[in-house]
Amino acid sequence: MYRSHTCGELRLKDVGKKVVLAGWVHHIRSFGNFIFIDLRDHYGTTQLVFLPEINEVLFEEAKKLGREFVIQVEGKVRERINKNPHLPTGDIEVEVISLRVLSAAQTPPFTIEIDTDGNEELRLRYRYLDLRRKPLHDAMVFRHEVALEIRNYLSNQGFIEIETPFLIRSTPEGARDFVVPSRLHPGHFYSLPQSPQQYKQILMIAGFDKYFQLVRCFRDEDLRADRQPEFTQIDCEMAFVDQEIVMQTFEQMIKHLFKRILNIDLEDFPRIPYEIAMRKYGTDKPDLRFDMQLIEITDVAKGQQFLIFDQADHIIGLVLQGQAQLPRKKIDQLNDWTKRPQVGGKGFVWIKWNEDGSFKCSVSSFSEEFIRTILEKISAKPGDIAFLFAGSYPDVFKVAGSLRLHLAQEFDLIPEKSYKGIWITDFPLLEWDEEEQRFVAMHHPFTSPRQEDEHLLEIDPARVKANSYDMVINGVEVGGGSIRIHDAALQERMFKALGLSKKDIEEQFGFFLEAFQYGVPPHGGIAFGFDRIISLMLNTPSIRDVIAFPKNNAGKELMSNAPSPISERQLKELHIAISNQKT
């Protein structure tokens with residue numbers, strides 16, 4: 001028997017018991033005639049004490065132990081003199097009477113502590129050590145608990161979990177696919193799914209009423225803090241539903257998770273059309289934990305012989321309350337921030353409304369009357385500073401929206417431990433792709449247009465709104481979905497609007513359209529980014545902190561060094577010829 005108890009289990013009621021523990025050496029503290037060791041396992045930490053008067057040989061053996069050694073001890077539980085109120089086992093310690101080293105360990109390349117000294121690249125290289133740290137270890141347990149709660153909740157709502165294939169047919173719509181060569185079919189390739197979209201719709205055609213799956217998905221795209229090449233979705237579909245039913249069902253699921261797991265009661269999620277979100281917040285995933293809306297002032301800002309304003313399609317105002325004393329150096333830093341390539345701005349005009357009622361503006365030719373008109377339009381008050389942007393839609397709104405969020409972070413305008421959820425609706429069905437010179441689906445080609453816009457599909461595709469919806473919490477898009485097309489003729493019209501020929505449609509979606517000939521129920525669904533939800537609930541800066549073995553920003557898994565070259569024999573079996581493989 002390696003252990004009679006875990007390292008997180010013992011309490012004062014166990015004083016006097018003889019116990020066997022096993023785990024990793026976390027801390028070693030030597031005080032002459034005492035050696036204290038914190039022993040750690042999956043469940044917690046227990047303090048061990050070694051005394052030379054009990055066993056001199058054992059005491060000397062304890063001196064040889066190092067951090068992260070795996071040991072087994074036998075001893076008696078006793079009450080601690082100096083208790084640790086921050087530790088669940090902090091009232092007791094184990095007086096050791098026997099010691100066995102199960103596995104020696106080298107000194108770790110970084111400290112296994114809550115606040116470690118290891119940088120991210122090093123910690124990804126030794127991920128098994130990083131996962132021993134309490135924040136990551138607890139995150140994996142938390143992830144399991146949330147997954148279990150999701151499965152239980154959806155099952156109780158009548159959903160059934162059905163697995164869909166990982167090796168599927170590649171389709172060019174959407175992000176790049178990861179492809180898998182077929183050994184048995186030379187020159188043919190599988191694709192790893194970006195989502196189980198077509199399969200879950202097929203399940204509705206097959207007569208299942210409510211489907212869900214916690215499923216791995218794959219996208220070969222550039223990486224950021226909230227993206228990984230492989231990620232987990234909460235994938236859901238429902239038959240005989242409209243948009244309202246889907247949104248109500250899954251808003252309740254998210255509220256249930258936050259209440260059950262975090263004991264947080266979320267308010268009802270307001271619904272904001274895409275166009276309104278862009279014009280008020282400059283983004284389709286606005287953070288509503290703070291106010292500060294964008295205000296269009298085009299009607300009052302033109303006609304002052306200020307060329308930048310007079311030539312602009314839109315002029316936008318943004319008010320930062322109570323910061324009229326902001327020094328010029330800081331304002332210049334903010335201006336430079338908006339000009340970064342990631343933001344894409346061309347700078348802003350600023351106006352200070354000082355506490356004494358005077359004004360100061362970066363454009364000296366603006367009259368006091370004109371300045372007052374602008375400030376009244378954007379509801380500014382004495383003590384505020386305003387930032388004005390000029391340009392075209394949607395670019396100028398995006399730049400102003402980016403500064404809005406940056407200011408909120410810089411000036412601590414976002415309440416801590418608060419959550420604000422919203423729905424964004426009425427997205428454009430299609431968006432123009434300059435590179436391909438054609439319309440592409442904003443979500444995917446199976447999203448239905450709003451019924452009142454169907455007649456525009458051929459004559460004015462850009463005006464067609466989608467029967468779609470995204471859930472946003474704290475400025476993070478956590479999920480998105482749509483009501484699907486269930487009419488074969490409308491689905492073919494959608495494919496044609498995307499510029500697909502009859503041959504393209506048949507080759508890529510033939511099996512899918514064939515299924516449409518056998519009775520398709522109205523259906524819709526949603527997919528949530530499970531990793532994003534966990535990261536949001538734990539307030540971590542990156543989803544890498546809630547994934548056991550993530551990739552870095554270059555798409556590499558540093559622990560195993562994947563991706564890696566494969567042997568010439570494997571390449572030959574797969575009928576692939578690659579010369580000069582890099583090692």
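For clarity, every value in this text was computed on a predicted model and none was experimentally measured. Numbers here simply count residues along the sequence, with the first being 1.
Between the side chain of D242 and the backbone N or O of E244 there is at least one donor-acceptor pair closer than 3.5 Å. With hydrogens and angles disregarded, a donor-acceptor distance shorter than 3.5 Å links the side chain of E557 to the backbone of S560.
Side chains of H188 and R169: a donor-acceptor N/O pair is absent below 3.5 angstrom, by distance only. For the residue pair D504 and S501, a side-chain donor N or O sits within less than 3.5 Å of a side-chain acceptor on the partner. Checked by atom type, the side-chain pair Q194/D177 shows a donor-acceptor distance below 3.5 Å. Under the 3.5 Å distance criterion, with hydrogens and angles disregarded, no donor-acceptor pair is assigned to the side chains of R227 and N553. Inspection of the S482 and S468 side chains reveals no N or O donor paired with an N or O acceptor under 3.5 Å. K339 and N335 share no side-chain donor-acceptor pair at under 3.5 Å.
Under a 4.0 Å N-O distance rule, the pair R216/E230 qualifies as a salt bridge. Remark: D287 does not engage K420 in a salt bridge, criterion side-chain N to carboxylate O under 4.0 Å. No salt bridge links D384 with K381; every basic N to acidic carboxylate O contact stays at or beyond 4.0 Å. Salt-bridge annotation for K496 and E458: absent, with no side-chain N of the basic residue lying under 4.0 Å from a carboxylate O of the acidic one.
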Would you tabulate the side-chain donor-acceptor contacts of residues 512-522 under 3.5 Å, counting partners in other chains and residues two or more places apart, or write 'none'?
from, atom 1, to, atom 2, distance (Å)
Q517, NE2, L513, O, 3.4

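Aromatic rings from F231 and F530 are positioned such that their centres are separated by 6.0 Å or more. Taking the six-membered ring wherever Trp is involved, the centroid distance between the rings of F159 and Y211 does not fall below 6.0 Å.
Residues meeting the side-chain contact (heavy atoms from CB on, under 4.5 Å) test with V464, sequence neighbours left out: L429, P449, D453, L456, L457.
Around CG of L574, the count of heavy atoms belonging to other residues, nucleotides or ligands within 6.0 Å exceeds 12.
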